[in-house]
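To find a chain, count down the sequence lines: A is the first, B the second, and so on, and within it residues start at 1. In what follows, every heavy atom counts, from backbone to side chain, and hydrogens, waters and symmetry copies are set aside.
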Amino acid sequence: MSRPGERKLPHLFKPGHLGRFATPNMIKYGACCVSNYNTRDGYITPRELARTRVIAGTGCGIITNQGAYPDPRGEGKSYFRQVALYDDKFLPQFETIARCIHDAKAVAIQQILHAGRYGGIDLGYCVQPSVVPQTLPHFRPPREMSREDIRRCIAEHVEAAKRAIRAGFDGVEVTSFMGYLLASFNSKFTNQRSDEYGGSIQNRGRFMRELIDCIKQALPEHPLVVRLNGAELMDRWGGNTEDECFELMQQAAGCGVDMISVTVGWQEAPESSIGRDVAPGHWNYLAARAKRECPNTLVAFGNRLPDPRMADDCLAKGEFDYWEVCRPMLADPELVHKAAEDRLDEVRRCIGSLNCLSRVFRDLPYTCTMNPALGHEVEPEYAITPAAVKKKIMVIGAGPAGMEFAITAAKRGHAVTVYEKSERIGGNLIGYAANDLARPEDLQSVVRHYEVMAPKLGVEMKFGVEANAKFMRSVLHQYDVCIVAAGARIDLEAYAHLEGRERLVDALEVARGRVQPGRRVVVIGAGKIGLVVAESLRKNGAEVTLVEADKRIGADVMPTFKWRHNAWVEELGIRVLTSTRLARVTAEGAVVRDAKGQETSIPADTVIASAPRRANQEMFAEFEWMIDELHGCGDALMPRGMDAAIHEGYRLGARI
Amino acid sequence: MSPQSLERFSDLPAWQAMLDRHQPLFEEMLPGSRIGILPRSATSLLPGRRLAGLAAMDLPEGRMLSWEAKEEGMRVGVRSCLRFEEAQVDLLLVPDDAALEAILASLGGDALAVMKKMIRQGNMLFFVMKAKHELQEAGYEDFLDSLGLAFLGACR
């Protein structure tokens with residue numbers, strides 16, 4: 001332990017063993033999510049290999065490669081571009097990946113992912129222990145597996161495992177995460193069989209035990225990891241209780257599995273397990289129980305445990321053996337190195353927006369809000385390289401777009417000055433974060449990252465400056481480039497024709513605390529800004545009505561978070577009027593008009609406009625003849641959100 | 001299910017009146033689209049117990065309530081449902097006794113809002129019998145949205 005951070009986190013950075021393989025630390029890169037970067041028929045692409053090189057370089061002691069489906073029919077295939085491992089024809093790329101991981105001195109584990117009730121994505125069916133339809137409309141109709149199917153499925157897992165070892169991997173992992181095939185055999189919700197594979201928990205666990213036995217017999221010298229639920233969160237469907245989950249873990253441990261990776265929740269679970277609304281550390285008790293009940297088996301855990309300091313503490317207490325982490329390293333692949341070098345203040349935190357999963361469930365390659373280069377590692381255009389010509393650059397706006405641009409350009413050697421009209425970094429994100437019901441700290445961490453990195457990279461910050469033509473004349477010829485990243489505003493001019501428009505209040509002003517609304521509030525617009533403001537006001541006791549012109553609320557909300565807003569609106573008792581528009585504002589409140597033209601008066605002290613939004617792009621016209629290069633990014637081009645702001649800021653910074 | 005509840009559950013005109021009030025929700029549904037409602041107490045779908053199929057034995061002739069989209073709009077009826085495989089519905093709703101009581105009590109009002117609440121509280125199970133693209137093509141989006149059911153895998 002030579003680096004300063006390693007001495008501060010001694011339990012995380014001590015060496016360990018997985019079977020006969022030594023690990024340089026107690027960190028396991030988890031195969032949390034398939035990338036969808038590969039071909040439709042299961043071959044690994046150069047894009048994936050480039051991404052894998054980044055993963056190999058994360059500094060983790062064990063690296064798990066993403067799940068491959070083991071059967072030629074594709075029954076186990078759950079994701080559009082998931083990799084396959086049912087034939088030797090796939091081996092060359094797996095060999096490259098194993099080599100990459102070994103070059104980085106890590107232990108290489110290949111995950112086998114048969115998705116069971118979530119599988120068969122290219123087929124008209126999926127396979128399960130019994131015919132129990134899914135509870136979400138995303139999957140394929142189920143077929144019951146015969147005993148012969150079960151035997152064949154186990155044999156295919158064994159062949160895939162042997163193939164992984166032939167490719168150079170040190171061990172394999174079988175996942176029952178999220179309700180995949182193994183989980184559906186274990187569960188009393190989805191396993192209704194009356195033969196030896198169903199009924200009692202011993203019988204339900206038989207498939208798992210046979211799977212473990214067969215793989216261990218075939219590969220006795222190689223470690224086998226099984227991912228198992230500590231909690232399914234499927235109680236209301238008659239799923240396994242936590243006690244049953246741990247009984248199944250004991251069965252796995254009894255079969256000689258080398259490591260149990262403890263996970264939480266099914267895809268169909270009605271509660272959060274990894275979202276922003278779950279506090280870090282919330283699920284640690286499951287890992288601690290797994291360790292108590294399976295003391296002789298290694299336990300890996302990391303669900304909603306993004307902070308290395310927390311992980312080190314858990315390891316010190318013996319709650320688990322390996323910190324299993326993935327999503328935080330999608331956001332910042334340097335996380336472990338920064339921890340080792342005592343630079344944790346520089347970490348880009350995973351903010352739990354689940355952009356990654358939102359995209360995967362749309363059959364798109366995953367990306368990360370916080371890491372614009374994720375998935376683009378193969379493209380030189382996304383690499384941060386020294387600028388050929390060092391330029392003096394001014395940035396208008398210190399929101400995520402402007403700041404992302406600023407730190408990226410500064411890393412490349414440009415001299416960057418940011419002009420901001422307010423007194424701090426963050427832009428509209430500050431108000432949004434302050435009112436967020438999930439976890440304001442996650443969003444605030446984005447602002448803090450820029451506050452830390454700007455001075456470290458020598459970005460000059462100038463606050464309290466209103467950028468306009470007069471200001472531009474005052475700095476004429478001082479800069480080579482101007483970046484307009486001035487964000488967007490609520491377009492109050494859209495209400496210019498309405499009676500009482502002068503009574504309308506700007507939602508962003510409310511969010512920033514500059515305007516104090518009354519106790520009875522009408523919020524016009526139920527997009528993410530309107531929702532966040534309405535929820536926050538309601539939580540603080542106001543009586544709130546949301547008025548939305550569209551048929552549904554939350555049109556601009558991330559798909560994996562939309563359900564949360566719907567639930568909050570309902571739980572908080574916010575009245576929602578959809579397909580309804582503001583007709584006028586009076587001293588008594590708002591008058592709204594529905595799709596049939598019927599008007600309704602809503603008594604209110606304050607009527608807040610949160611939509612539509614308008615890009616602050618007037619500066620483009622004013623500045624065009626005042627500077628050599630003029631560019632825009634983020635909401636200043638088109639109002640969207642933080643994801644687009646960060647990504648555009650980065651892309652522009654990487655190429656200018 | 002009590003005899004009184006059973007009687008009200010079988011009161012097709014009351015269900016039809018409720019559906020008639022919500023016809024705009026079903027306007028985009030293709031004819032033949034079908035939703036089933038099966039009281040949980042009439043099945044073996046009990047919390048914490050192993051499932052053994054649907055077997056709606058307590059219902060007259062082992063049948064479930066069905067809503068079927070027809071040219072003239074969503075119509076209520078009854079269908080056989082002894083196993084998932086035989087259900088022949090796109091979406092199967094399984095309310096427990098408390099949910100059923102609440103829904104039956106609200107048939108003259110906003111029963112769909114009550115159903116949404118019951119799903120969220122876990123008093124009403126739902127099973128999706130068709131793939132997402134099939135439901136989308138059949139025009140289910142508005143209806144599923146009204147029940148608060150996401151169109152995507154959650155992975156929350």
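Within the 3.5 Å criterion, the main-chain N or O of B:Met74 finds a donor-acceptor partner in the side chain of B:Gln23. Remark: side-chain polar atoms of A:Asn303 are not paired, donor with acceptor, to backbone N or O of A:Trp283 under 3.5 angstrom.
A tilted orientation is assigned to the rings of B:Trp67 and B:Trp15, their planes being inclined by 30° to 60°. Ring orientation note: the planes of A:Tyr118 and A:Trp266 are nearly perpendicular, at an angle over 60° on the 30°/60° scale.
Counting heavy-atom pairs under 4.5 Å between each of A:Pro141, A:Gly124, A:Ala567 and chain B puts A:Ala567 at the top. Between chain B and the residues A:Arg552, A:Lys551, A:Arg564, A:Arg140, the largest count of heavy-atom pairs under 4.5 Å involves A:Arg552.
With a threshold of 4.5 angstrom between heavy atoms, B:Ile119 approaches chain A through N, CA, C or O but not through any side-chain atom.
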